Amino acid sequence: MVQHERNVIHRDIPENLQLGHGGDLKIADFGWSVYEPTLFRTRCVSLDYLSPEMVHGQPHTKTVDLWNLGVLAYKLLCGKAPFLATTYEESYRKIMKLQFKMPPDVTKPAVHLISRLFVKDLASRMPLKHV
């Protein structure tokens with residue numbers, strides 16, 4: 001993602017991916033995007049995609065986009081959100097405890113990828129170049 005090389009955080013990637021002609025993946029709608037050197041605390045994604053730092057209202061960096069990619073991968077593989085619950089509070093608790101289940105039919109590489117993106121420590125999330 002070129003915007004990460006330019007220190008831009010999209011903050012709403014999963015809802016704004018499009019396929020172009022020839023199958024090229026495109027990112028659209030940069031309305032929630034911000035320049036990273038200034039830390040932000042804004043919650044700007046749907047509940048399914050909230051990262052632990054957003055739940056706590058802590059500053060976030062471009063690693064929030066990596067968390068969002070983990071949620072998107074989970075939803076594509078499992079057909080539902082990883083931290084789905086009946087209340088906001090329960091979803092927040094599941095996010096903070098990283099409480100989610102991987103179905104047994106998900107491949108080990110997919111489980112590895114998602115588990116490396118669902119990491120509370122921002123510096124420990126899998127970097128984009130390894131995704």
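Treat the numbers as computed from the prediction; the structure is a model and nothing was measured.
- Contact check for W67 versus V71: side-chain heavy atoms found under the 4.5 Å cut-off.
- Residue L128 holds its CG atom at 7.0 Å from CG of L69, rounded to the nearest 0.5 Å.
- Put simply, CG on L72 and CD1 on I114 are 9.5 Å apart, with the number rounded to the nearest 0.5 Å.
- The structure places OH of Y92 at 9.5 Å from OG1 of T87, a figure rounded to the nearest 0.5 Å.
- Expressed to the nearest 0.5 Å, how far CG of L50 lies from CZ of F83 amounts to 10.5 Å.
- In this view, Q99 and R93, K94, K97 satisfy the side chain to side chain contact (heavy atoms under 4.5 Å, CB included) rule, not counting sequence neighbours.
- Residue V119 is not grouped with residue V131 when hydrophobic side chains (ILVMFWY) are merged at heavy-atom distances under 4.5 angstrom, including chains of intermediate members.
- Taking OG of S51 as the reference point, atom NE2 of H56 lies at 10.5 Å (rounded to 0.5 Å).
- Qualifying side chain to side chain contact (heavy atoms under 4.5 Å, CB included) partners for A81, counting only residues two or more places apart in sequence or in other chains: D48, K75, L84.
- V106 meets the side chain to side chain contact (heavy atoms under 4.5 Å, CB included) test with L77, C78, M102, P103, A110, V111; sequence neighbours excluded.
- Ring geometry, Y74 versus F118: the interplanar angle falls from 30° to 60°, so the pair is classed tilted.
- A distance of 8.5 Å separates CG in L122 from OG in S124, rounded to the nearest 0.5 Å.
- Applying the salt bridge (charged side-chain N to carboxylate O under 4.0 Å, His left out) rule to pairs touching residues 108-131 yields E53-R125, sequence neighbours excluded.
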